[in-house]
Amino acid sequence: MRKKLTACAFALTLCLSALIAAGCGGDSNTSTTGAGSSETTAAASTADEGFYFELEGQKLTPGMAQDDMISAIGETDNVFSAPSCAGQGTDYTYTYGSVEIVTVPNADGVNEISTIALRDDLTSTPEGVSLYMTTADMTAAYGEDYTQSGNAYTYVKGNVKLSFIIENDEITSIEYSLATA
Amino acid sequence: MDTLLEILNDLHPDVDFETCDTLIDDEILDSFDIVSLIAEINNEFDVNISAKDIIPENFNSAQALWALIERLEDEE
Amino acid sequence: MKAKKILSVVVVTVFVIGTLYLLQRLVMPKYMDDVVEGNFIAEYYNEEKDHDVIFLGDCEVYENFSPLVLWEEYGINSYIRGSAQQLVSQSYYILEDTLRYETPDVVVFSVLAVPYNEAPRESYNRMTLDGMRWSLSKVNAIRDSMTEEESFLDYVFPLLRYHSRITELTADDFTYLFHRDLVSHNGYYMRVDSLPAENVPEGRPLGDYTIDAAQMEYLDKIRTLCEEKGIQLVLVKAPSLYPYWYDEWDAQITEYAEEHDLLYVNLLAQADEAGLDFQTDTYDGGLHLNLSGAEKLSRYFGAILQDHCGLESRRGEEALEAAWQEKTVWYEEDKARQEAEIAAGE
Amino acid sequence: MSITSYSFLLFAGVLFILYYLIPRRFQWILLLIASYVFYCFSGVRYLGYILATTVFSYIVSMKIWDLKRRQDARLKLKKDEFSREEKKAYKASVKKKQKAWLVAALLFNFGILGIIKYGNFIVSNVGSLFGASGDDLFFHLALPLGISFYTFQTMGYLIDLYRGEYEPERNFFKFALFVSYFPQLIQGPISRFGSLSKDLYTGHAFDGRQVASGLQRMLYGYFKKMVIADRIITGLTTISGDPATYSGTFVLVGMIFYAIDLYMDFSGGIDIVIGLSQALGITLPENFKRPYFSKSLKDYWHRWHISLCNWFKDYLFYPISTSPAMLARAKKMKAAGHEGLSRRFTVYTATMVVWLSTGIWHGASWNFVVWGLLNGFFLLLSQELEPAYRRFYERFPRLEKNALWNAFRIVRTFLFVSLLCMFDYYDSVSTVIRSFIGMFSSFRLSVFWDGSLLAIGLTAADYWILLVSLILVFVVSWFQEKGRSVRSLIAARALPVRVIAWYGLFLIVILFGAYGIGYDATQFIYNQF
């Protein structure tokens, strides 16, 4: 037994040393490629994370801070502010041409985008779907993997929910929101 | 017994092993000492002190340790 | 010896309970300086409880109706048991609670919360529930509207909830340790400032306009309770432009009212008839009315109440007149103070 | 069920009342039921793991014992027939069978632990060894509550049994209680059967002083955990969550805060566990002896997580270092003239194996592997330097008793241990190294007064509370270190003083504890081990 135990211990040590060597090797590999590569992966991963909307060439996604949004796409004159009862923060509705963006305070009191909605057919989603198109157009762009409730067809990708409302085979609403909400 | 005391004194020259009976309780011998000790005893007396014998009662004094060695020699 | 022991146990117990009680009062938010809405629910208990009309609901009642106007114009003695984001379930339990003290002739319930169905929020829950006196209704109200992070014990011992305020105490916490100043006018929250309504967004299409069954169930519980007590229930939609009131929701409420032979008044649709001007009569761009708007609306709605519910004017009742005399003084004071503040601000 | 939740207090309170209401001979049954109820709260789906370990270990314990019993009976029967050699051979054959059972249990129990805790780690690393991207290889198994603790405790029991240290528990349900006793499931300590079993199975009458003492200990534990650990963790997560921003001096702050947090959280939890057990009349082994008063790393490991260290010492370090194979090899080395090598061989091998295992025990990540190996390395290094130290003290004999010198040693050891803990604090080995270098290269003292410390999620009030609380813990520990106890000092005073002292501590926990909405309910750092 003792002999075996010792042998086992040695074998274990050896294996683990091999693993350490392998692990450390992997580690140093990633670190040598440096900050440049990590940035690209970060960008790629946000695209991977979920649906996003594009306005003036800037990516907008629910959960984005209001300040970041404004610094990305600029101010608009058309803002409606809705203070909650009893001073619990303020919801804002920003209208940029055909797009309506609502921001609400998160748990820390910082306003974040809660919904992005398309108001007319002058703009479309990055995947090319706009209002008044048909169910077929929607499924052509987003596939069949939706959940339906009432007239709402919802796709979820990452933490973003993309909902279409279709009445009489005509898309009447396109809205991005957080999947968790 | 003298050989044992010699081994012990090599380990800790500053301790009086003939009288001290709290070697473990007072943390005079630590685990490294115990292992070296067992190796030395194995060398000198050709007995194997195994892990299950490593309890304070056997290591608190030189006498106790000697008794353990004799017992193990007897069993061999 | 034994007596001494008993005495020391008693002394220690009193000391422990006493200090805990004091600390609890100290750390609980006072809602005096700002967010006075937190005091509305509790203020009711200091009233003489002899009301003809009780209003239930969220800010759509407590910022839009002025009981003083109802009294002056129609002799209706009313009280608003409103609180910020009052959930439908909470309205029901507050009704239960109110009925422990009095049985009004009419209950006016604001229906926005029924279809709107907002998620409970801890801060609002606290404002509504902390003010309630303990009763089975309060217990049920807590259990029905608690968020997942909340715990019942935190309501029983608010010290456990507010303990972290110990490092943020202000002078108010000591001043108002045992009392509060009056902040509402029979539950009405007066605002004299004004902000015109602009850019109010249209409602976005919804996938499903059906009102949640659980919400309707509470509305039904309110109706049943009123019926049992012989109270006339009146449903209202306040003339707030936002949150958006969908026609589909309105239809469902209308249908419910017809089915149960209730009066349902959509004051949003009748805003013009009430003489409301959203350029001058709102203080936050169309969400809530200011004093001028609330007074116009109360005049308009008071007539409806009087006609439909057959409420007789109680003007002339000595005790009531005296009470309202006092209330009028405070009403004018509040108004003057706010106007002075605005003038100073400009 | 978190130990700081209302539900835990309610659970413990109900158990406590029932425990002293029912007849004493049923108390252990209540404990067993309570333990399983507690386990179910953490997720019914985990029940299978602890049951599997319990059942299989029970079978093995019975087998080992049965073999021993039959051996004794046979030896007695054939006392005169057996020659000395035959007897020895027979004994050896029995031992071999026992060993087979023990090994089976080892493989089974550590197998479960290994797959659940390390499966993901191994698969991903083996995968990367063969160039796989890794992601698709991942599989996730949530850790059942206390699995490391009960697995180690149970294996210790079986090894002791194999060594013939005591008779096994024959009542399956009593054995199940030994495995699952709920306070230990949370975060240890790892008890030994010999000392725990008596307390678990015999009934306890209500003893006011024991109960009071236990409750006081719990209160002190809650103080350490809720007022200090749960408060400081806000700042910690800020720093470790963004090492790029919080570099330089912040690394030092984070390092020291983490060491404080780790001790307050873990030892506070242990105080609660031991205190609760004491209130039930059950004595658990101490797990800490004021580790931050250690004068050396070795000293530290005699004072920190004692029950785990002892486990590794008894069941891994000694068996390896005293195994005949190791001794024989050492002997051979000596014969070949490599005296020094021979002397070091056994100790070095055993030490590194133990520390590698200790590292892995703490978590399936390279951080812990490196952490463990570094600990082993430095322990051996200081062992090598022992003669130098001795000469040093011979030269400066008065230094050994010099308070200032000892204070320096304590601070040095604390900083060193905190430094090693960075491997636990930061999420990858490379971050640790980068942060460590940054600590020196971009050190700015101004961080301490330019308000930066208020930007990591802790307010000025938080720092004051922390400071005062830490002084309190320091004073209490100082007394303990001197062999005195603040508790008995309080107990000797008049009633009003006692009331104010304990009620005061209670109020501090209630008012200044970082609990409830607004504070994230933090889990025990050691929960998931």
Side-chain angles (χ1 to χ4, degrees), chain C residues 1-29 119-130 142-143 145-170 173, chain D residues 1-2 4-14 208 212 215 219 222-223 226-227 230-234 454 457-469 493-522:
Chain C
M1 198 57 210
K2 202 176 176 190
K4 207 179 153 194
K5 205 169 178 183
I6 292 172
L7 185 73
S8 58
V9 168
V10 170
V11 169
V12 167
T13 314
V14 169
F15 171 72
V16 166
I17 293 176
T19 45
L20 283 175
Y21 175 74
L22 275 179
L23 281 168
Q24 174 157 308
R25 293 212 70 122
L26 186 64
V27 296
M28 280 184 77
R121 260 166 78 175
E122 203 256 348
S123 54
Y124 289 133
N125 275 348
R126 279 291 171 177
M127 288 185 217
T128 301
L129 300 169
D130 272 342
I142 294 169
R143 289 170 50 159
S145 47
M146 236 174 7
T147 64
E148 229 165 81
E149 299 86 55
E150 289 182 84
S151 103
F152 190 81
L153 205 63
D154 286 343
Y155 284 96
V156 182
F157 302 110
L159 176 62
L160 298 174
R161 164 62 185 87
Y162 296 115
H163 64 95
S164 57
R165 286 193 72 247
I166 193 82
T167 58
E168 310 155 2
L169 295 179
T170 65
D173 289 302
Chain D
M1 190 169 6
S2 152
T4 51
S5 63
Y6 300 145
S7 32
F8 179 79
L9 286 174
L10 182 75
F11 175 81
V14 170
L215 294 181
L219 185 59
Y222 278 114
F223 168 72
M226 292 167 76
V227 180
D230 290 353
R231 168 166 273 105
I232 211 167
I233 203 157
T234 320
L454 295 176
L458 295 173
T459 63
D462 285 324
Y463 283 106
W464 280 112
I465 294 167
L466 284 172
L467 181 70
V468 173
S469 307
R493 293 309 185 90
L495 180 75
V497 180
R498 280 177 357 235
V499 169
I500 287 171
W502 290 112
Y503 177 57
L505 186 62
F506 172 75
L507 276 188
I508 289 173
V509 174
I510 291 286
L511 288 175
F512 298 113
Y515 63 92
I517 289 178
Y519 295 102
D520 285 330
T522 42

Test item: D:Y6 and C:L160 side chains (from C-beta on) under 4.5 Å apart, heavy atoms: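 D:Y6 vs C:L160: side chains touch.
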Taking side chain as C-beta onward, heavy atoms only, is C:L159 less than 4.5 Å from D:I510? yes
Heavy-atom distance under 4.5 Å to chain D: side chain of [X], backbone, both or neither?
| X | answer |
| --- | --- |
| C:E168 | neither |
| C:E149 | both |
| C:V12 | side chain |
| C:L23 | side chain |
| C:T147 | neither |

In Å and rounded to the nearest 0.5 Å, what is the OG to CG distance from D:S5 to C:L153?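 If I round to the nearest 0.5 Å, the distance is 11.0 Å.
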For the atom pair CG (D:L511) and CZ (C:R165), what is the distance rounded to the nearest 0.5 Å? 12.5 Å
Which residues from residues 496-505 of chain D are near chain C, with near meaning under 4.5 Å between non-hydrogen atoms? D:V499, D:Y503
Can you confirm whether more than 12 heavy atoms, excluding those of C:F152, are under 6.0 Å from its CZ atom?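 Yes.
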Using non-hydrogen atoms and a 4.5 Å limit, figure out which bit of D:L10 sits close to chain C: side chain, backbone, both or neither.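 D:L10 has no heavy atom closer than 4.5 Å to chain C.
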